[in-house]
Amino acid sequence: MKWTHISIDARMPGKAWGTGGIGLGDFDGDGDLDVIVSRRETQTAYWYERKNDETWIRHVVGTAESLADALGGVAVDVDQDGHLDYVSHNVWFKNPGNLADNPDAPWEAHPFEGGGHDIIAADINGDGKTDIVCYDGRVLSWFDTSNGLKRTIIADGRDDHGGIAPCGAGDLTGSGTLDIVLPGVWYENPGNGYGEWKRHEWPHRPIPNASYGTSMRTWVVDINGDGVNDIVYSDCDTAYSHVYWAENLGGGERWIVHQLPDPPGHPDTGSFHSLAVADFNHDGKLEIFAGEQEDPDRGMMDSGKLPMKPLGLKERGIIWVNEGEDGLPAFKPVVISDNKPGWHDAVIGDVNGDGSIDIISKEWHVEGPNYHIDYWRNDTLKK
């Protein structure tokens with residue numbers, strides 16, 4: 001594989017920690033993918049207009065007090081008008097629909113009940129429209145975009161730091177409806193998202209004394225090609241994280257957990273706060289990507305918790321290449337970057353339309369004043 005690092009913005013507004021989740025989508029309708037992020041310090045969301053791979057222009061989406069607490073974020077057509085909007089903590093911003101002609105047009109800010117550490121997009125009720133799922137570590141809810149963002153609480157009283165992002169919704173039973181995965185449990189969709197979500201267990205492996213408690217990034221996908229969705233997940237929000245895939249042996253009731261080998265380089269690992277699954281190298285098999293976040297936070301050690309980042313660690317972005325045969329995955333870690341910039345809640349997509357899956361990443365807490373957004377162009381097909 002071949003990857004090229006391109007800076008979307010090397011100096012985002014503000015100098016304090018806290019950068020909201022990435023919205024990736026074609027916001028101006030020009031056929032390529034643009035980017036939205038927010039900053040806690042400025043309480044402002046920004047969209048980056050892609051002109052070409054090397055040229056991105058920053059515009060203001062809008063401001064909201066709730067962005068001071070934002071972490072999760074996602075692009076969703078909330079009002080189903082054909083234009084992608086941006087959903088963040090307790091607020092969603094309506095795409096004005098004329099960004100191609102006026103990229104600085106204001107986006108209307110609309111309050112809503114959702115937010116928290118994780119916000120994802122998924123068609124929960126099966127009506128063909130993308131809904132919103134939010135998890136704040138205690139309450140798991142979904143919001144029906146076809147019914148005025150009506151809120152349904154799936155589970156309450158949890159005690160995690162995170163768990164459903166970036167792709168923790170998927171069909172684990174073969175029923176055709178999307179279930180939702182949290183650390184150690186998954187909730188079965190009653191059929192159209194309404195009614196009782198039955199709770200099931202699966203063998204998640206928590207890290208003792210994790211910096212911020214149990215937290216993971218999740219991707220529901222058929223990783224071994226047997227026609228049944230599995231769970232790929234990474235520990236996050238703590239050092240000494242690992243990446244796993246939990247093999248679904250049928251109906252989400254029986255599982256075998258497989259740990260992927262840790263990447264080469266530093267003997268310890270950081271917080272794998274970025275996770276994605278795709279065919280990155282065009283070999284017809286799914287690879288797993290994970291990235292360590294750039295976060296110098298070691299203060300948790302004062303209370304007996306693990307640090308966020310081991311000393312001397314240079315943040316790695318890793319692709320686990322599937323070298324298995326006959327439906328038996330065998331993953332080999334390949335480091336695509338072993339120094340800054342790090343990775344926090346990266347998202348994937350074919351940014352420039354060349355047929356390869358690229359990576360967009362950003363930062364939460366950096367060692368220095370400059371917060372950044374980064375584009376990792378997948379040049380595997382280029383000669």
Side-chain angles (χ1 to χ4, degrees), residues 15-21 40-41 68-72 89 115-118 135-140 155-166 168 181-185 201-218 231-244 246 257-275 290-318 338-340 342-346 362-368 371:
K15 297 181 179 181
W17 59 268
T19 305
R40 284 190 168 194
E41 182 181 357
D69 299 311
L71 194 148
H89 180 62
H117 191 274
D118 296 348
Y135 186 51
D136 63 5
R138 185 180 70 85
V139 180
L140 174 65
D156 198 351
R158 297 281 305 171
D159 186 19
D160 303 313
H161 191 69
I164 64 170
V181 175
L182 289 178
V185 299
E201 295 185 356
W202 65 279
H204 170 257
R205 300 177 182 178
I207 295 181
N209 300 315
S211 304
Y212 287 92
T214 299
S215 192
M216 69 181 194
R217 305 287 81 185
T218 311
I231 300 171
V232 176
Y233 79 95
S234 64
D235 305 310
C236 67
D237 295 301
T238 186
Y240 313 114
S241 293
H242 305 288
V243 180
Y244 306 83
V257 177
H258 308 268
Q259 181 175 334
L260 275 60
D262 288 338
H266 196 285
D268 298 319
T269 56
S271 164
F272 285 124
H273 215 292
S274 289
L275 178 73
E292 295 165 313
Q293 70 185 85
E294 179 187 335
D295 197 329
D297 184 1
R298 297 179 59 82
M300 304 304 293
M301 299 176 69
D302 295 338
S303 57
K305 301 288 187 178
L306 296 176
M308 281 287 288
K309 178 180 174 180
L311 287 173
L313 176 71
K314 295 181 179 180
E315 300 81 20
R316 290 162 291 190
I318 308 105
D338 63 355
N339 206 342
K340 292 182 177 63
W343 316 78
H344 187 266
D345 280 352
K362 53 91 175 178
E363 284 316 313
W364 176 254
H365 189 184
V366 303
E367 295 178 284
Y371 284 76

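Keep in mind that what you see is a predicted model, and the values were worked out from it rather than measured. Residues: numbered from 1 along the sequence shown.
- Across Leu311 and His266, no two heavy atoms sit closer than the pair O-NE2, 2.9 Å.
- The minimum heavy-atom distance between Ser234 and Phe272, with the atom names listed, is OG-O, 2.9 Å.
- Annotation for Asp237 and Ser271: closest pair N-OG, 2.7 Å, computed over non-hydrogen atoms.
- Taking every heavy atom of both residues into account, Thr269 and Pro263 meet most closely at CG2-CD, 4.1 Å.
- In this structure, OG1 in Thr19 is found 5.5 Å from NZ in Lys362, a value given to the nearest 0.5 Å.
- For the pair Glu292 and Lys309, the minimum side-chain heavy-atom distance is 4.5 Å or more.
- Using bins of under 30°, 30° to 60° and over 60° for the plane-to-plane angle, the ring pair Tyr233/Tyr244 lands in the parallel bin.
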Steps toward salt bridge (Lys or Arg N to Asp or Glu O under 4.0 Å) verdict (Arg217, Asp345): CA-CA 9 Å; Arg217 305 287 81 185; Asp345 280 352; 3.1 Å; yes
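- The shortest side-chain heavy-atom distance between Lys305 and Tyr212 does not fall under the 4.5 Å cut-off.
- No side-chain heavy atom of Leu313 sits less than 4.5 Å from a side-chain heavy atom of Asp268.
- Using a 4.0 Å cut-off between a side-chain N of Lys or Arg and a carboxylate O of Asp or Glu, Arg138 and Asp156 qualify as a salt bridge.
- Around the CD atom of Gln259, the shell of radius 6.0 Å holds more than 12 heavy atoms that belong to other residues, nucleotides or ligands.
- Two residues are said to be in side-chain contact when any heavy atoms from C-beta on lie closer than 4.5 Å; Arg205 and Pro203 fail this criterion.
- You'll find the ring centres of His273 and His161 outside the 6.0 Å limit.
- Of all heavy-atom pairs spanning Ser241 and Asp262, the tightest one is O-OD1, 4.3 Å.
- Note: His344 and Trp364 have parallel aromatic rings, judged against thresholds of 30 and 60 degrees for the angle between ring planes.
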